[in-house]
Protein chains: 2
Amino acid sequence: MTERLIDPDSLKLAQPCPIRDVLDRVGDQWSLLVLGMLEPRTKRFNELMREIGDISKQMLSRTLKRLEQDGFVARTVYPEVPPRVEYTLTDLGRSFLDPLKQLVGWADVNHRAIVAARRSYETSAERA
Amino acid sequence: MTERLIDPDSLKLAQPCPIRDVLDRVGDQWSLLVLGMLEPRTKRFNELMREIGDISKQMLSRTLKRLEQDGFVARTVYPEVPPRVEYTLTDLGRSFLDPLKQLVGWADVNHRAIVAARRSYETSAERA
DNA sequence: TCCATAGGTCTATTTAATAGACCTGATATG
DNA sequence: CATATCAGGTCTATTAAATAGACCTATGGA
């Protein structure tokens, strides 16, 4: 345990790979899903909750906040009671749909192959 | 809390959206990164560890195992001592690189805009 | 009077990720 | 001969994150 003047990790964190930075954000449990949900039109908080079905309030709230921070989504509050809040894709968010669609298209085409691979792995694992 | 014959959630879990199924797998902290690392050539475990730098052994092990299960990656063990294990992209894994590259390209182009959005959000948050 | 509403936040519990010790067994070193 | 080293992991203990669900707000309606 020797002391050192500069911790190498601090450098890494100070200048992270831009691609990792972006992928870490959108590549979480829910972001891609929410962005997909917002494609057809502006939606409200509870509407997203219902459509996704198995996300917790807190996670939806956090996910939307991050997407807003990163400029993917715009949040509009109407000062009514009960409150009304609408979420819309920004131009940046909309431009992201293009690569996202490629990904979804790939997933759609290759899902069967993946399921097959899982089964094959399971059966071949009966070597234990 | 009434009893019911069928839990609706069980149906949801039994027949998940194929796209969510796939995206949940690749859309975790490390999978995309590992797939990217394997693009140029076959690599060994510790080689991946070193290149990624901030992944734990256990997570790399788990990530590789899932990628193998899902058919993205092939694992070859050479029965030597000390052991040698190589990881290679399968055809399926390689085909996934195409949409992944789109995503990486987008991230590369739009990273600046995202960083700018974060800063703008921070300053505008001085309304508290 | 008191309940319902939309969009959250707060807290307690469950789950996942990290760090790091430990294991293997053939070869190299002292 | 005893010991240290190598790669590729697994196991355990600690720390961080996700979930579930109570709670809050202020207004309009029963």
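Chain identifiers are assigned alphabetically (A, B, ...) following the order of the sequence lines, protein sequences preceding nucleic acid strands; residue numbering begins at 1 within each chain.
The shortest side-chain heavy-atom distance between B:Gln102 and B:Trp106 does not fall under the 4.5 Å cut-off. Residues B:Pro83 and B:Val77 fail the side-chain proximity criterion, which asks for heavy atoms closer than 4.5 Å.
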Problem set entry | Stepwise side chain to side chain contact (heavy atoms under 4.5 Å, CB included) test for A:Glu86 and A:Tyr78 | CA-CA 8 Å; A:Glu86 290 187 345; A:Tyr78 298 87; 3.3 Å; yes

For this session: Show the numbers, then the answer: is there a salt bridge (Lys or Arg N to Asp or Glu O under 4.0 Å) between B:Asp28 and B:Arg62?
Result: CA-CA 12 Å; B:Asp28 68 341; B:Arg62 279 220 281 264; over 6 Å; no

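The listed nucleotides are C:dG25, D:dC11, C:dG8; the one nearest the side chain of B:Gln58 is D:dC11. When each of C:dT9, C:dT18, D:dT10 is scored by its nearest atom to the side-chain atoms of B:Trp30, the top-ranked nucleotide is C:dT18. Picking from D:dA7, C:dG8, C:dA19 the nucleotide with the shortest atom distance to the side chain of B:Ser56 gives C:dA19. The side chain of B:Arg44 lies closest to D:dG8, out of D:dG8, C:dG7, C:dA26. Nearest nucleotide to the A:Arg62 side chain, out of C:dG7, D:dT19, D:dA7: D:dT19. Which of C:dG7, D:dA26, C:dA17 sits closest to the side chain of A:Arg84 comes down to C:dG7. Ranking C:dA6, C:dT18, C:dG8 by closeness to the A:Pro82 side chain, first place goes to C:dA6. Each of D:dG8, C:dG7, C:dG8 was ranked by its minimum atom distance to the side chain of B:Lys57; first place goes to D:dG8.
Computed from coordinates, the B:Leu60 CG to C:dA19 C1' distance equals 15 Å when rounded to whole Å. We find that CD1 of A:Ile55 is positioned 15 Å from P of C:dG7, with the value rounded to whole Å. Residue A:Met49 contributes atom CE, which lies 14 Å from atom C1' of C:dT5 at whole-angstrom precision. Here the P atom of nucleotide D:dC6 and the CG atom of B:Asn46 are 11 Å apart, to the nearest Å. Remark: P of D:dG8 and CD of B:Glu80 are 10 Å apart, rounded to the nearest angstrom. The distance from atom CD of B:Gln29 to atom P of D:dA17 is 10 Å, rounded to the nearest whole Å. The CG atom of A:Leu48 sits 10 Å away from the P atom of C:dG8 (whole-angstrom rounding). Rounded to whole Å, the distance from CE on B:Met59 to C1' on D:dA16 is 13 Å.
Residue contacts shown for A:Tyr78 are absent, as no nucleic acid heavy atom lies under 4.0 Å away.
The 5' end of DNA chain D is approached more closely, in terms of each residue's nearest nucleotide, by A:Asp28 than by the other of A:Pro83 and A:Asp28.
Nearest heavy-atom pair, A:Leu100 versus A:Gly36, reported as atom, atom and distance to 0.1 Å: CD2-N, 4.4 Å.
Contact annotation: B:Lys65 side-chain N/O to D:dT10 OP1/OP2 distance is under 4.0 Å. Residue B:Tyr87 has no polar side-chain atom (N or O) positioned under 4.0 Å from OP1 or OP2 of D:dA7. Within the structure, every side-chain polar atom (N or O) of A:Ser61 is placed at least 4.0 Å from both OP1 and OP2 of C:dG7.
With hydrogens and angles disregarded, a donor-acceptor distance shorter than 3.5 Å links the side chain of A:Thr90 to the backbone of A:Gly71.
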